[in-house]
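Structure, as structure tokens:
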Amino acid sequence: MIPGKYRSVSGRAANNVNCGLHLVIQTSSLPEKSKVEFKLNKETPSFSGRLLQHDLERNYSSRQGDGRVISPSPRNKSSCISSTTNVTELCGLEMKTAMSSLSAFGDSSMQTPSKSRIRQGCHSAGPNVSGDHITLASSSMPSFPILQRSSEEKILYSDRLTLERQKLTVCPIIDGEEHLRLLNFQHNFITRIQNISNLQRLIFLDLYDNQIEEISGLSTLRSLRVLLLGKNRIKKISNLENLKSLDVLDLHGNQITKIENVSHLCDLRVLNLARNLLSHVDNLNGLDSLTELNLRHNQITFVRDVDNLPCLQRLFLSFNNISTFESVCCLADSSSLSDITFDGNPIAQESWYKHTVLQNMTQLRQLDMKRVTEEERRMASVVAKKEEEKKRESHKQSLLKEKKRLTINNVARQWDLQQHRISSIAPNQDGKVSDCPQDPSQLRGSTVSAFPEETGSLDSGLTSALQGLSVTDTHLVEVDGDTLSLYGSGALESLDRNWSVQTAGMVTTVSFTFIEFDEIVQVLPKLKIKFPNSLHLKFKETNLVMLQQFNALAQLRRVDQLTVDPQGNPVVNFTLWKYYVLFRLSHFSMQKINGTEVTQNDMIMAERLFGILAHVASSELPQYRLISILGDARKKQFRYLLETKGKKPGLVNEENSDSKRLVGENTNRATLNYTTRDFYNARLEEIKEKKKFCKMYMEDLVKEATEINMKNEALQKLWPQMFIELVRDAVIEIRNKSSYMKLCLQQITDQK
Amino acid sequence: MLSPERLALPDYEYLAQRHVLTYMEDAVCQLLENKEDISQYGIARFFTEYFNSVCQGTHILFREFSFIQATPHNRASFLRAFWKCFRTVGKNGDLLTMREYHCLLQLLCPDFPLELTQKAARIVLMDDAMDCLMSFSDFLFAFQIQFYYSEFLESVAAIYQDLLAGKNPNTVIVPTSSSGQHRQRPPLGEASMLEGVEASLFSQCLENLCDRHKYSCPPPALVKEVLSNVQRLTFYGFLVALSKHHGINQALGALPDKGDLMHDPAMDEELERLLAQVPGLVNSAPANPEASCLPSRTPPRVGSPWRPLHHARKVDAESDGSTEETDESET
């Protein structure tokens with residue numbers, strides 16, 4: 001390309017620009033701190049807006065936008081112009097710097113040429129083109145080319161140097177250009193920043209689109225304001241310690257995984273980290289001037305520390321991986337934030353997205369590039385209110401759930417305690433005092449101390465909140481759909497309650513947990529009446545230890561399914577338990593036991609194993625025993641009926657039909673029934689009493705009988721002799737016939 | 001009615017010794033318990049039935065443990081009932097744990113103590129791992145010995161312990177009172193290093209015990225036989241030998257021989273009949289017309305007295321008074 005044309009192009013470009021680099025750097029007399037204050041010149045208000053607009057325009061026209069925030073890519077004329085605009089705008093800031101010790105710029109206020117023409121990088125500028133002005137010659141140092149400009153060139157662009165698209169692989173040594181303010185290495189192949197440490201007045205360094213892998217060689221450039229490192233291979237933010245005046249830092253299109261080593265950049269206004277590999281945002285402390293933060297196209301899942309950025313106005317989080325508002329909730333605490341984007345995140349797909357954001361960030365003016373209207377705000381608050389209500393409800397729910405969990409835990413603890421006590425007492429009852437490690441009194445003491453806290457109060461508020469669920473600390477009753485769950489023995493009392501017909505009819509599954517089976521047995525008749533449709537019984541931690549306990553279930557109306565959890569029910573460990581259940585409850589023709597379908601083979605097996613028992617029980621049991629055993633079962637039922645129904649008429653009929661069912665269904669297995677331990681012990685006591693009486697009675701009887709027998713035997717022994725004696729006496733008496741006759745006559749006359 | 005010993009004892013003691021009193025008391029007790037029902041069908045009928053059931057050994061079904069263990073006859077009846085009811089479990093080949101056997105026992109006797117089952121299991125398992133599985137026959141024969149001779153075995157255990165300790169328990173059953181006012185026996189000395197006790201000495205002690213023992217004990221001749229085969233033996237070794245001894249089982253008379261343990265044709269027939277009903281079980285349930293009264297027993301009860309099982313029963317002289325009881329019920 002001909003330099004003239006080139007120049008005209010760049011001239012035009014420069015003319016289109018309102019103002020060039022306009023840096024005003026003043027040393028103030030304020031010695032205390034190095035404070036850089038950016039003031040925009042007359043174009044001030046548009047600066048950010050326009051910068052942003054460029055960004056956004058490109059963003060929205062193509063998704064490539066992130067790479068172009070500040071770095072111009074002059075592919076054609078227009079873009080060349082716009083990029084110029086970009087740069088000049090950037091540099092058109094009137095930077096008023098107040099520095100206590102500004103070594104690079106000296107102590108005098110320096111006025112950079114306000115309308116200097118910027119030498120534009122030209123896309124076709126080859127080495128030969130630039131050859132007119134720039135000589136890249138090999139120096140004594142073989143690896144680095146040495147750059148020298150013609151003096152004319154130097155005068156013309158004394159403060160800027162552009163080396164765009166020069167296919168540079170290293171930074172050339174730039175000699176005699178210490179006054180350079182702007183240095184441009186765009187679109188080269190530079191892998192390492194070097195040889196520029198002498199350019200201590202450098203304000204603008206553009207290394208866009210190179211192959212730099214590490215930030216380095218910048219430590220002397222203390223006046224650097226704009227550092228453009230977009231589209232490189234940087235993995236780590238580092239070595240920026242001395243760049244205290246940095247105003248714009250562009251690191252887009254690199255491989256940075258985390259934000260670090262930036263907390264000292266208190267003057268930084270713009271930070272571009274788009275298209276990196278960030279997984280989260282934090283470490284933002286100290287960036288007190290940051291107004292714009294671009295984080296598009298990362299993999300960010302959560303954002304922290306944003307509330308520590310007092311000046312942040314624009315935050316771009318588009319195309320990340322944010323899925324909950326909680327992960328970015330710190331944004332709500334930022335008072336300065338007015339513009340934010342979330343598009344392209346999972347969160348933006350959610351129905352609650354917009355109103356949640358608006359509700360939590362009332363300071364917002366723009367969301368995803370759209371102005372936030374009053375209407376939207378109002379909607380958001382309405383929705384949020386609803387949301388809040390829902391949340392409160394769910395909170396209540398979860399509170400309730402938690403309460404339930406706690407209660408169950410409590411019941412479980414109590415149960416364990418109780419079990420422990422039983423097991424430690426049981427050996428004593430058996431007469432085996434062998435090795436009982438627990439001191440009984442100590443044990444009792446611990447239970448006593450544990451009880452008061454357990455017998456807590458009923459939380460009436462919560463109970464009323466959810467119908468059908470009552471929570472107390474020692475037991476829990478819950479109706480969930482068709483399942484009635486009872487935890488803790490106290491829960492059995494709930495069967496006395498007046499259940500609504502609907503609820504009672506709906507319940508088909510009854511589950512018992514942490515309740516002694518013997519206690520359950522006592523309420524089975526109640527269960528039968530209150531929940532006539534219950535088909536599925538579940539037992540867990542109920543201390544089912546014996547096969548005969550299953551006998552008790554036979555009195556129910558119907559059982560389709562039985563689930564006995566091995567936890568706390570040792571009986572399940574027996575190989576025979578299932579068959580015994582099938583055998584004993586065969587009149588229910590059960591369908592499932594512990595979730596397994598009952599097959600015909602199971603039924604036959606059950607019968608094969610226990611059929612004889614039933615047969616023996618029914619056919620060999622003496623009649624009088626049959627009466628007494630069946631009588632017991634019937635009596636038990638009568639007793640309950642009498643208790644509950646009182647003096648209702650028609651009672652007799654019901655009893656009859658009930659007992660009819662009982663006997664009819666069981667036929668030969670009715671004799672196999674279960675009496676709870678307490679009841680059985682009571683019966684044994686009763687029997688003992690009776691036995692005592694019988695013993696005494698029999699003793700008397702037998703004694704009497706043996707006495708009689710003895711007398712009888714004695715008589716038998718004496719009788720032959722007696723008889724002989726009697727006969728002998730008689731014979732002697734009548735031997736003298738005449739005298740005997742006389743005597744007889746005498747007696748007769750005496751009688752007269 | 002005229003057994004010779006009858007004249008040797010006062011009547012009352014005689015009746016008590018033959019456990020007639022036990023049954024009479026129990027009969028009255030049963031009568032008392034179900035007065036109303038029984039009076040409906042006749043007290044004479046009740047007594048007939050009661051003593052019949054005692055003869056057949058069915059009187060112990062579902063009774064309380066104190067009654068079941070009250071007489072040797074009851075014990076034998078219980079053993080037989082257990083065998084009869086759960087023979088099928090053994091036949092099925094299931095190996096069960098001690099607790100499971102205990103559950104089966106409890107099906108017949110709700111308050112059967114765990115201790116006895118444990119002891120029986122200990123005989124099978126030789127005092128180790130109590131959670132092991134046992135075969136039905138092993139358990140049954142061990143249980144027979146333990147249950148039927150439990151008092152005897154307790155005394156034996158005491159003697160054994162004394163012998164182990166080097167004391168001579170010959171004169172007394174209660175081990176604590178074994179002071180030295182009796183015939184001297186050589187202390188065990190070096191022999192005690194070995195496991196168990198010397199068989200001959202043990203045998204002598206047991207002979208004495210059998211003479212004195214008021215509870216039933218195995219026929220002394222058979223005990224001697226068991227002990228004569230070995231030099232030394234342990235307590236559990238002795239129990240195992242007892243439980244496996246064919247003659248003792250016969251003498252006890254409750255169970256068939258080991259070979260015939262699974263054999264019970266009458267019951268098998270019955271079982272087949274029951275199995276045939278299984279498919280129709282669903283339908284047959286509500287079919288019972290007059291269910292309010294007691295279920296009619298299916299077959300007219302065959303009085304299957306189990307006495308003819310072994311003729312050797314008279315070996316155990318004081319086993320039970322079944323003859324007398326039969327007479328009682330007939331008068």
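Every heavy atom of this structure was used, including side-chain atoms; hydrogens, water molecules and symmetry mates were not.
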Decide yes or no for B/M24 and A/K695: does some side-chain heavy atom of the first lie under 4.5 Å from some side-chain heavy atom of the second?
no
Are B/R99 and A/M546 close enough that some pair of their side-chain heavy atoms sits under 4.5 Å apart?
no
4.5 Å side-chain heavy-atom contact, A/W577 and B/E100:
no
Backbone N or O of A/E620 within a donor-acceptor pair of the B/T58 side chain at under 3.5 Å?
yes
Who among A/L547, A/L576, A/V571, A/L701 has the most heavy-atom pairs with chain B under 4.5 Å?
A/L576
Less than 4.5 Å apart, any side-chain heavy atom of A/P622 and any of B/N52?
no
Heavy atoms only: give me the nearest B/L271-A/R608 pair and the separation to one decimal.
CD2-O, 3.7 Å
Stepwise side-chain contact (heavy atoms from CB on, under 4.5 Å) test for A/Y579 and B/V89:
CA-CA 11 Å; A/Y579 295 118; B/V89 173; over 6 Å; no
Does the side chain of B/T97 reach to within under 4.5 Å of the side chain of A/F574, using non-hydrogen atoms?
yes
Heavy-atom pairs under 4.5 Å with chain A - which of B/K91, B/R87, B/Q30 has more of them than the others?
B/Q30
Can you list the residues that meet the ring-ring contact (aromatic ring centres under 6.0 Å, His included) rule with B/Y101, with sequence neighbours excluded?
B/F139
Backbone of A/Q548 reached by a side-chain donor or acceptor of B/Q106 within 3.5 Å
no
Looking at residues at least two apart in the chain, or sitting in another chain, which of them share a side chain to side chain donor-acceptor pair (under 3.5 Å) with A/N681?
none
So do the side chains of B/L107 and A/Y674 get within less than 4.5 Å of each other, counting heavy atoms only?
no
Contact winner vs chain B - A/L684, A/V545, A/L609, heavy-atom pairs under 4.5 Å:
A/L609
Can you name the nearest heavy-atom pair linking A/I687 to B/C29, along with the distance?
O-SG, 4.4 Å
Do you know the tightest heavy-atom contact between B/F67 and A/K691?
CB-NZ, 4.1 Å
What are the two closest non-hydrogen atoms of A/I612 and B/K84, and how far apart are they?
CG2-O, 3.2 Å
